[in-house]
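Remember, it's a predicted structure, so these values are computed and weren't measured experimentally.
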Amino acid sequence: MKIETALVAAVQKAVETLYGQQIDEKQVQLQKTKKEFEGHLTLVVFPFVRLARKKPEEVAQEIGEQLQQTDIVASFNVVKGFLNLVIAPKAWIELLADIDAADKYGFVPVTDQSPLMMIEYSSPNTNKPLHLGHVRNNLLGWSLAQLEEANGNRVVKTNIVNDRGIHICKSMLAWVKYGNGETPETSGKKGDHLIGDYYVAFDKHYREEVKELQARYMAEGLNEEEAKAKAEQEAPLIKEAHEMLVKWEQGDAEVRALWEKMNSWVYAGFDETYKALGVSFDKIYYESNTYLVGRKKVEEGLEKNLFIRKADNSVWADLTAEGLDQKLLLRSDGTSVYMTQDIGTAEMRFNDYPIDKMVYVVGNEQNYHFQVLSILLDKLGFEWGKSLVHFSYGMVELPNGKMKSREGTVVDADDLIAEMKRQARQTIDAAGKFGERTEEEKDEVARIVGLGALKYFLLKVDARKNMLFNPAESIDFNGNTGPFIQYTYARIRSILRKAEAEQMQVSCNFAATPEISTKEEAVVQHLSDFASVVRQAGEEYAPNAIANYCYELAKEYNQFYHDYKVLGETDENKRQFRLVLSRNVAKVLRLGMGLLGIEMPERM
């Protein structure tokens with residue numbers, strides 16, 4: 001049994017014995033003892049002062065004496081209204097045995113009756129490859145899915161692909177004009193990279209046309225601003241792109257065939273990147289399917305007087321009663337906007353799954369969009385509409401500034417993954433940690449460490465904050481990094497392999513109660529915290545809480561390992577306890593890092 005749970009019950013019994021009053025477990029407030037005082041856990045006694053009609057110090061003393069009669073508390077001290085409790089060694093040993101017995105300690109089993117949570121992440125456009133911003137999105141979404149499942153939820157991981165619109169037509173048109181039939185096979189490029197190149201090419205040629213037209217219009221007497229605006233509208237390329245979009249909307253066979261072919265190249269490229277990142281989806285939706293459903297749903301809302309049609313035939317939602325403004329849902333020509341698409345996607349998902357909770361992993365520039373979407377979905381009758389969660393996260397920037405897709409200055413996800421592997425290989429080689437390994441083994445360790453460094457660096461930060469990503473800082477075997485935690489895990493696995501080879505006992509069946517140090521007690525206490533950290537991280541949608549917990553546990557263990565022998569301990573009982581302790585630190589680190597999508601190497 002968890003020590004806190006046993007203590008709560010003991011406090012309830014003590015209060016009833018001393019003061020003849022039954023108290024609710026919520027009245028028992030336990031917290032970790034501050035470092036300047038002796039003790040492991042501190043009881044706040046102020047809630048019981050009125051019952052006892054005594055001073056806080058007296059109440060603390062009396063409850064402490066009662067608790068000392070149990071097997072849980074070895075000693076206590078009183079500081080004003082706070083009762084500092086020193087937990088008995090036997091209780092720590094029993095707690096470690098409980099942790100050891102649970103393969104997935106801290107996780108809540110998922111059943112057929114568990115709530116169903118859908119988590120949307122990734123949301124790429126099919127006119128360019130995934131970039132660093134997508135990497136953070138995918139890692140956050142995947143981690144949230146693991147975290148919510150660990151908290152007992154059934155989880156459906158989903159993706160909405162933005163596969164239609166003017167930006168897609170720009171890439172298509174550029175390929176038709178400048179591609180000479182180039183394919184991923186003939187170019188040797190991943191399909192998403194190939195299409196991204198043509199998106200950049202469109203912008204390059206478009207800018208040249210705009211510059212030329214702007215100069216002509218200025219010569220005709222327009223000022224610079226007017227000339228530029230007119231040039232941007234009249235440039236032949238943008239007109240052709242719009243014509244292609246109209247043909248796509250009308251179902252033109254030739255345009256649709258080109259669209260399907262080029263999108264198939266992109267999807268093949270995306271799949272490679274997703275696999276490299278270690279993320280996947282249970283269901284993928286496509287905007288080309290959902291926007292029509294959304295349009296129909298808006299028209300139904302119009303019939304029910306939920307929305308209004310203006311004189312120009314456009315459809316709007318009037319949200320002034322909710323303290324917001326009016327929101328466009330259908331343009332005057334009947335075409336849809338992003339909000340319409342999201343309504344359609346919601347309809348399709350609701351028909352596919354009995355969703356209890358919907359979580360959207362989307363950047364913080366869309367905060368207002370999801371505020372409006374929540375209201376609209378609620379109006380349209382979606383049960384989870386009002387309680388939808390917009391997991392709003394900040395942008396990722398690099399030391400050299402922001403990224404721009406049209407200008408080709410984006411940090412490509414594939415290039416980043418390759419660079420992380422390269423740097424990991426170089427760092428491990430320089431540290432002399434590989435030993436006698438084959439090239440294949442070295443590459444695999446470099447992959448695990450490089451990806452672990454990337455994921456940990458992006459996930460250890462509060463997701464709501466903008467962050468600066470520096471690849472060189474992320475691969476470090478010291479400090480709050482993924483490789484530091486991975487190295488700690490690999491070290492423990494090495495210890496356990498040696499113990500097994502020497503046939504040492506690694507179980508909680510101790511011949512006698514081992515004598516344990518305060519440092520070992522601290523490690524067990526930190527291990528026991530994992531369950532509450534997982535629960536809180538799930539409630540608050542906070543992968544960073546797991547990341548920082550794993551770092552603190554690894555740091556705590558390394559301090560213990562520095563001060564105490566494990567394999568070299570001559571007292572068999574102590575050695576056995578330390579091996580069990582080590583095994584469970586490794587287990588919890590593996591479980592915790594697994595929630596972040598990070599693999600743990602058996603050897604480094």
Side-chain angles (χ1 to χ4, degrees), residues 123-128 159-183 191-192 194-196 198-199 201-203 205-206 209-210 230 232-268 270 284-303 307 309-317 327-349 351 405-406:
S123 308
N125 296 324
T126 57
N127 63 318
K128 56 191 174 185
N159 185 359
I160 175 70
V161 179
N162 296 304
D163 63 341
R164 59 175 283 275
I166 190 65
H167 50 296
I168 309 298
C169 289
K170 288 177 180 178
S171 295
M172 291 166 59
L173 182 61
W175 183 83
V176 169
K177 285 184 168 292
Y178 319 118
N180 297 314
E182 187 179 29
T183 68
D192 51 338
L194 180 67
I195 302 307
Y198 284 103
Y199 183 62
F202 177 94
D203 190 64
H205 289 282
Y206 173 59
E209 288 185 350
V210 169
K230 185 176 180 181
E232 287 173 344
Q233 288 183 337
E234 296 299 322
L237 266 178
I238 199 67
K239 283 188 169 184
E240 284 186 76
H242 279 291
E243 287 168 10
M244 182 177 275
L245 178 59
V246 170
K247 287 182 178 180
W248 184 94
E249 294 266 2
Q250 294 171 343
D252 180 271
E254 188 177 339
V255 171
R256 286 288 180 126
L258 174 64
W259 171 75
E260 287 176 2
K261 178 172 69 175
M262 293 179 69
N263 272 353
S264 71
W265 297 342
V266 174
Y267 298 144
F270 283 172
I284 298 179
Y285 294 88
Y286 299 89
E287 186 186 338
S288 55
N289 295 326
T290 65
Y291 84 104
L292 291 174
V293 178
R295 192 158 69 189
K296 184 179 178 183
K297 198 70 182 173
V298 168
E299 287 166 353
E300 287 176 11
L302 193 61
E303 291 173 8
F307 309 130
R309 189 185 297 278
K310 294 194 175 181
D312 66 351
N313 205 42
S314 60
V315 177
W316 297 71
K327 181 66 180 177
L328 177 67
L329 299 179
L330 291 175
R331 298 186 185 94
S332 56
D333 60 2
T335 57
S336 60
V337 294
Y338 275 117
M339 189 64 72
T340 326
Q341 167 222 297
D342 279 343
I343 291 171
T345 308
E347 170 80 355
M348 293 179 73
R349 287 170 175 166
N351 291 336
S405 302
R406 287 176 305 216

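The ring of Tyr267 has its center closer than 6.0 angstrom to the ring center of Tyr286.
Proximity of Val161 to Ile284: side-chain heavy atoms (C-beta onward) are separated by under 4.5 Å at one or more points. A 4.5 Å side-chain heavy-atom check between His167 and Asn125 finds at least one atom pair inside the cut-off. Here the side chains of Ile168 and Asp163 are not in contact, with every heavy-atom distance at 4.5 Å or above. The shortest side-chain heavy-atom distance between Gln341 and Asn162 falls under the 4.5 Å cut-off. Contact of the Phe202 side chain with the Lys177 side chain is not registered, since no non-hydrogen atoms from C-beta on lie closer than 4.5 Å. The closest side-chain heavy-atom distance from Phe307 to Val298 is below 4.5 Å. The shortest distance between side-chain heavy atoms of Trp316 and Arg309 does not fall below 4.5 Å. Considering only heavy atoms from C-beta on, Arg164 comes within 4.5 Å of Glu249 through its side chain.
Classification of Glu347 and Lys296 as a salt-bridged pair fails, no side-chain N sitting under 4.0 Å from a carboxylate O. With salt bridges taken as basic N to acidic carboxylate O contacts below 4.0 Å, none links Glu254 and Lys247.
At distances below 3.5 Å, not a single donor-acceptor pair connects side-chain atoms of Asn180 with backbone N or O atoms of Glu182. A side-chain donor-acceptor contact under 3.5 Å links Thr340 to the backbone of Leu329. Side-chain N or O atoms of Arg295 include none that pairs as donor or acceptor with a backbone N or O of Thr335 at under 3.5 Å.
In this structure, a donor-acceptor pair under 3.5 Å is present between the side chains of Thr345 and Thr290. Side-chain N/O atoms of Asn313 and Ser332 include no donor and acceptor closer than 3.5 Å.
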